[in-house]
Trainee: 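Dumping the structure here so I can ask a few things about it.
Protein chains get the first letters and strands the later ones, always in sequence-line order, with residue 1 at the start of each. These numbers come from a predicted model, not from an experiment.
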Amino acid sequence: MGYKHEIGLKDADDEKLMQISREYGLALSIDEMKKVRDYFLGKKRNPTDVELQSIGQAWSEHCCYKSSKSILKEFVFGIDNKRVISREDAGVVSFDEQYAYSLRIESHNHPSAVEPYGGAATGIGGIVRDILCMGCQPVALVDPLFFGNLNLKYKELPKGVKHPKYLFSCVVSGIRDYWNRIGIPTVSGCVYFDKNYVGNPLVNVGCVGIGKKSNITKSAVKKPDDLFVLVGGKTGRDGIHGVTFASEILTEKSEDESRGSVQIGDPIMKEPLIHACLECVEKKLLNGMKDLGGGGLSCVVGEMALAAGFGAEVKLDRVPLKEKGLNPWEIWVSESQERMMLAVDKKNLEKVLDIFKLWGIPATVVGKVIPETIVRLFYNGVKIFDMELDFLTEGPVYCRNRVVKKRKRKKEKIPDELRNYNRILLKILSSSNICSKEWVIRQYDHEVRGSTVIKPLQGKINSVTHGDASVIKPLEDSFKGLALSVSSNPYFTSVNPLNGGKSVIDKVCRNLVSVGARPDSLTDCLNFGNPEKPNVMGDFYESVKGMGEICSYLNLPIPSGNVSFYNETEKGSIPPTPVVLGVGIVDDIRKVVTVDLKKEGNPLYLIGETSDEMGGSAYYHLVGGYSNNVPDVGKRLLKKSMSSLLNAIKKAYVAACHDISDGGLAVCISEMCIGGNIGSILDMSGINNLRTDIKLFSESNTRWVAEVKKDYEKKFRDEMKNVKISRIGEVGGENLIIKDKKELINLPISRIKKEWKKTLWEMMG
Amino acid sequence: MEKNIVGDDGMKTSDIKVCILRIEGTNCEQEMYYSFKRLGAKPELVHLKQLIKNKNLFDYQCFMIPGGFSTGDYVRAGAIFAALIKSRLSKEIKKFVEEGCPVGGICNGFQVLVELGLLPGFDKKMNVEAVLTINDSNRFECRPTLLRNENNGNSVFTSKIKKNRILMIPSAHAEGKFLFQKDREEKYLQKLIDNDQIVFRYVNEDGEYAGYPWNPNGSFYNIAGICNPEGNVFGMMPHPERVFYRYQHPDWTRTNLKTLDGDGKIVFESLLEYIRRRF
């Protein structure tokens with residue numbers, strides 16, 4: 001049966017246009033709707049519903065980055081680096097002569113807010129397909145998560161919002177049940193709790209893959225008459241309007257209205273899909289491959305064709321469906337999971353279909369490439385779509401109004417110096433943002449594939465601590481490794497987005513260097529509120545500028561990333577939350593270093609300069625202090641420190657190393673003691689003339705604590721001569737003892753460990 | 001590399017063909033493949049469909065079922081995979097086992113062997129006599145575990161490991177708690193002991209039988225791995241293929257990397273040695 005449904009735009013006035021935009025769930029503005037009307041006036045006809053839906057998808061914030069593009073261009077896209085091989089669905093960067101690695105991070109925030117279990121699970125589905133479609137084997141996953149505070153009282157919970165404890169528990173289960181099943185290790189991440197995420201949690205997911213350079217696959221077709229082969233799961237009503245849903249703020253009605261936007265994942269389709277796609281890649285049977293993500297078929301077909309300068313004809317009735325009765329526009333925009341689009345030369349078709357048949361995966365020819373840059377859709381022989389790709393994919397680009405928020409320099413509130421340092425240290429260690437995340441980490445398989453040589457938890461068996469970065473050995477015949485680490489600091493970015501942006505980069509570099517990895521590239525997920533609000537755009541601008549400044553200086557490319565706007569409820573926006581996944585290169589994994597203290601008698605060194613810059617610190621947050629003074633980054637110092645410390649690690653002078661971040665030096669050394677199950681004695685009097693609490697809890701950037709092998713102490717000092725270092729103590733005993741003229745802290749490691757470990761277990765069970 | 005080592009008058013390692021069975025959701029096959037390949041044998045990843053249609057189990061000297069979540073494991077772990085195998089390959093596998101060919105299952109593979117009734121295998125009729133059920137913690141957990149070899153020489157998968165040696169082999173599962181039916185517990189345990197079927201038991205750093213987290217799932221009698229009465233069918237929950245090399249251990253940076261050998265390697269070495277002698 002033929003099908004054609006026209007929508008009367010021709011004579012529509014402004015009011016009618018907006019009504020249409022709302023009625024069809026397009027989330028387009030009045031100016032955008034006018035542009036659409038004018039286009040069809042030029043064609044002397046009305047659009048069909050399929051065409052209109054397609055435009056809604058293609059022009060959504062989620063798909064075309066209309067608010068962020070110009071800013072990203074200014075600060076981030078420009079970082080040129082000849083190591084970068086590709087910047088498509090994922091970034092691809094050279095690993096060694098023969099191999100490249102790929103990386104990407106993205107958000108799955110809105111789906112996870114309304115359907116946390118499925119939202120989190122399918123988040124990873126999309127990111128894995130992004131890596132896969134570059135022709136790479138996914139080798140590691142990461143999951144930065146942000147929730148409201150777990151102890152939120154139920155009566156304080158806004159209407160229509162799920163309790164953070166419920167969200168946290170479901171998201172972790174969703175990740176566990178899906179990610180563990182697809183057999184890719186989850187090796188890094190972070191969990192952050194703050195009241196400003198109550199209505200709008202953030203679930204970011206990142207993936208890194210490895211592939212032969214000669215197998216890197218384009219997200220494009222090659223030539224006219226190439227066939228579009230849709231492989232993987234069937235298409236259903238789940239995940240319709242996912243991208244337009246992601247381009248609006250969340251309201252109390254979001255669950256009822258948008259639950260259908262959340263896709264349903266099927267890891268047991270995904271796992272063999274990976275095998276089958278990679279087998280096609282290895283046998284050189286594909287001309288191109290791209291995953292079906294936001295916008296479904298409507299985005300993938302046009303983008304693959306246009307990337308090669310061609311167009312496409314698709315027969316929508318050929319698409320295998322989960323259920324009968326889907327309208328053509330639903331088939332066209334559905335975001336059902338576990339699907340990939342292949343561009344295949346006719347002569348290879350049979351071989352490709354055979355591979356998918358072995359794995360029991362549907363594979364169907366749905367269309368072909370045509371020479372002109374037009375997309376035409378047919379449904380049971382009736383043409384229901386005929387549009388120029390230039391118009392469809394050239395979404396609007398905005399230079400949104402932005403105000404760099406003149407944050408009222410809130411009055412500084414400097415807390416009194418403490419009397420009982422033991423108590424405050426234990427309080428910080430047990431606070432939800434610093435405490436042990438073992439409860440989460442153990443639920444993820446972090447070593448399936450057998451290539452995780454440095455795990456997320458490091459130290460003596462069953463006395464482990466958080467590592468700075470995990471290390472993967474991706475190739476059987478090489479000792480070269482990939483280090484992965486995630487960084488973000490919403491406390492910093494909300495007080496000062498510029499310094500916060502710089503600090504995020506400093507932190508990820510510190511983490512990578514800690515294990516002995518040279519930072520090589522980054523991928524970022526920029527989570528912000530409503531971009532139509534000038535101060536949100538201001539925060540965005542400042543954060544990106546800060547990140548870009550440090551990355552440019554270090555020549556650290558960001559070949560892929562994701563912007564997530566509209567993380568906002570009626571109660572307000574989330575804190576500006578740029579998240580970065582950093583990838584570092586380890587030349588020989590046998591030389592990496594972990595966080596846990598190793599040996600009694602080894603000296604401990606503080607690397608870097610400590611200053612009175614307590615803005616956004618965990619310590620002030622906990623004792624109710626406030627300062628506008630968020631740590632800045634000295635980029636020259638950062639570069640110099642990285643290179644000296646990397647040399648010291650390479651030459652095996654360093655037994656353990658940990659970066660100083662949330663909670664400052666005191667937390668850093670506590671974590672090192674926990675991992676080694678051994679104490680230390682520290683004396684702070686050598687550090688510059690600062691208040692004791694600042695010495696202990698300042699979060700100044702570009703700092704580490706290193707345990708140096710006793711016999712190499714002199715060599716270590718020589719190696720580090722261009723960087724400020726101070727010998728602050730020694731490893732040994734069963735207690736952590738810290739003095740600053742007088743004794744401030746004296747606690748058994750067993751006690752420290754207990755306080756640090758208990759929080760999440762007590763809250764989550 | 002131990003290529004082409006010949007047993008007393010047996011076959012060459014490089015001639016040993018190992019069938020590593022896979023299905024949708026198997027996900028530890030790659031590291032198992034490498035474990036055999038690194039020792040010079042010829043492993044092959046074989047899909048269940050291929051084994052049913054166009055491959056012959058008897059072309060291989062060894063049959064291995066790796067870890068993962070076969071077909072999703074949405075019902076009891078290993079149950080569906082076992083049912084698929086049972087319905088199409090029951091006879092072949094029974095014969096394979098009776099001829100003394102080694103059959104091994106790691107993690108999900110162990111679950112499958114128990115569901116198939118090949119382990120503990122008291123009655124030889126492929127009846128299910130035990131179960132690997134949900135961890136006491138009621139969740140998936142990935143953690144290092146210490147195992148003591150308590151086998152007296154019956155198991156062909158551990159023949160090279162000294163009795164009472166403690167190995168670090170990590171666990172990663174949600175359903176690893178080994179149990180017998182309550183009213184047969186004592187009787188069956190006695191059988192395991194009498195037949196020398198107990199292979200690995202969870203212990204703590206001091207070598208004592210300890211509770212959680214050293215025993216990660218609450219397994220009866222701290223059982224981590226067992227073999228059949230004949231010693232040629234073997235299953236264990238922890239993953240030896242994940243610690244083939246020392247640098248795959250969770251705490252290797254605490255030691256000198258004097259040897260690259262990880263604690264799991266010897267399991268594969270034992271197995272290959274048995275095959276070299278046997279064939």
Trainee: With a 4.5 angstrom heavy-atom cut-off, is it the side chain or the backbone of His249(B) that approaches chain A, or both, or neither?
Mentor: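 Interface part for His249(B): backbone (N, CA, C, O).
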Trainee: Residues in ring pair (Phe, Tyr, Trp, His ring centres under 6.0 Å) with Phe178(B), at least two apart?
Mentor: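 Phe178(B) satisfies ring pair (Phe, Tyr, Trp, His ring centres under 6.0 Å) with Phe180(B) once adjacent residues are dropped.
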Trainee: Heavy atoms only, distances under 4.5 angstrom: which of Lys599(A), Arg176(A), His446(A), Gln443(A) has the most pairs with chain B? Name it, please.
Mentor: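 The candidate making the most pairs under 4.5 Å is Gln443(A).
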Trainee: Can you pull the salt bridge (Lys or Arg N to Asp or Glu O under 4.0 Å) pairs that have at least one residue in residues 442-454 of chain A, sequence neighbours excluded?
Mentor: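 Pairs touching residues 442-454 of chain A that pass the test: Glu438(A)-Arg442(A), Asp445(A)-Arg242(B), Glu447(A)-Lys455(A).
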Trainee: Determine whether a donor-acceptor pair (N or O, by modelled atom type, separation under 3.5 Å) exists between the side chain of Asn135(B) and the backbone of Asn138(B).
Mentor: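 No, the answer is negative, given that no donor and acceptor are paired below the 3.5 Å cut-off.
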Trainee: With Ile106(B) as reference, evaluate Gln111(B), His239(B), Met237(B), Glu31(B) under the side-chain contact (heavy atoms from CB on, under 4.5 Å) test and give the passing residue.
Mentor: His239(B)
Trainee: Could you tell me which portion of Leu597(A) (side chain, backbone, both or neither) has an atom closer than 4.5 angstrom to a non-hydrogen atom of chain B?
Mentor: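 Contact with chain B involves the backbone of Leu597(A) alone.
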Trainee: Does any heavy atom of chain A fall under 4.5 Å from the side chain of Arg246(B), the backbone, both, or neither of them?
Mentor: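 When you check distances to chain A, no heavy atom of Arg246(B) falls under 4.5 Å.
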Trainee: Give the member of Pro144(B), Ser35(B), Ala174(B), Ser137(B) that has the highest number of heavy-atom pairs under 4.5 Å with chain A.
Mentor: Pro144(B)
Trainee: Using a cut-off of under 4.5 Å for heavy-atom pairs, which of Thr26(B), Leu146(B), Val243(B), Ile23(B) has the most such pairs with chain A?
Mentor: Thr26(B)
Trainee: For residues Gly467(A) and Val595(A), report the shortest heavy-atom separation together with the two atoms involved.
Mentor: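 The answer is CA-CG2, 3.8 Å.
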Trainee: Taking the side chain as everything from C-beta on, heavy atoms only, tell me whether Leu147(B) gets closer than 4.5 Å to Pro238(B).
Mentor: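 Touching, per the 4.5 Å side-chain cut-off.
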Trainee: For chain A, which residues of residues 251-264 of chain B have at least one non-hydrogen atom nearer than 4.5 Å to it?
Mentor: Asp251(B), Trp252(B), Thr253(B), Arg254(B), Leu257(B), Leu260(B)
Trainee: Pick whichever of Gln248(B), Gln30(B), Glu141(B) has the most heavy-atom pairs under 4.5 Å with chain A.
Mentor: Gln248(B)
Trainee: For chain B, which candidate among Thr452(A), Ile461(A), Val593(A) shows the most heavy-atom pairs at distances under 4.5 Å?
Mentor: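 Looking at each option in turn, the highest pair count goes to Ile461(A).
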Trainee: Is there a donor-acceptor pair closer than 3.5 Å between any side-chain N or O of Lys49(B) and the backbone N or O of Leu358(A)?
Mentor: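 Indeed, once roles are kept as given, a pair shorter than 3.5 Å links the two residues.
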Trainee: Pairs in or reaching into residues 458-475 of chain A: which pass salt bridge (Lys or Arg N to Asp or Glu O under 4.0 Å), with residues at least two apart or in two chains?
Mentor: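 The answer is none; no pair qualifies.
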Trainee: Can a donor-acceptor pair be found, under 3.5 Å and without considering hydrogens, that links the side chain of Gln458(A) to the backbone of Ala469(A)?
Mentor: yes
Trainee: May I ask you to establish whether Arg590(A) and Tyr247(B) are in a cation-pi arrangement, using a distance under 6.0 Å from NZ or CZ to the six-membered ring centre and at most 45° from the ring axis?
Mentor: no
Trainee: Take Tyr712(A) and Val654(A), measure what side-chain contact (heavy atoms from CB on, under 4.5 Å) needs, and give me the verdict at the end.
Mentor: CA-CA 8 Å; Tyr712(A) 294 98; Val654(A) 178; over 6 Å; no
Trainee: Which bit of Met32(B) comes within less than 4.5 Å of chain A, counting heavy atoms only: side chain, backbone, both or neither?
Mentor: neither
Trainee: Non-hydrogen atoms of chain B under 4.5 Å away: do they reach the side chain of Ile441(A), the backbone, both or neither?
Mentor: neither
Trainee: Side chain, backbone, both or neither: which part of Val464(A) has a heavy atom under 4.5 Å from chain B?
Mentor: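 No part of it gets close to chain B.
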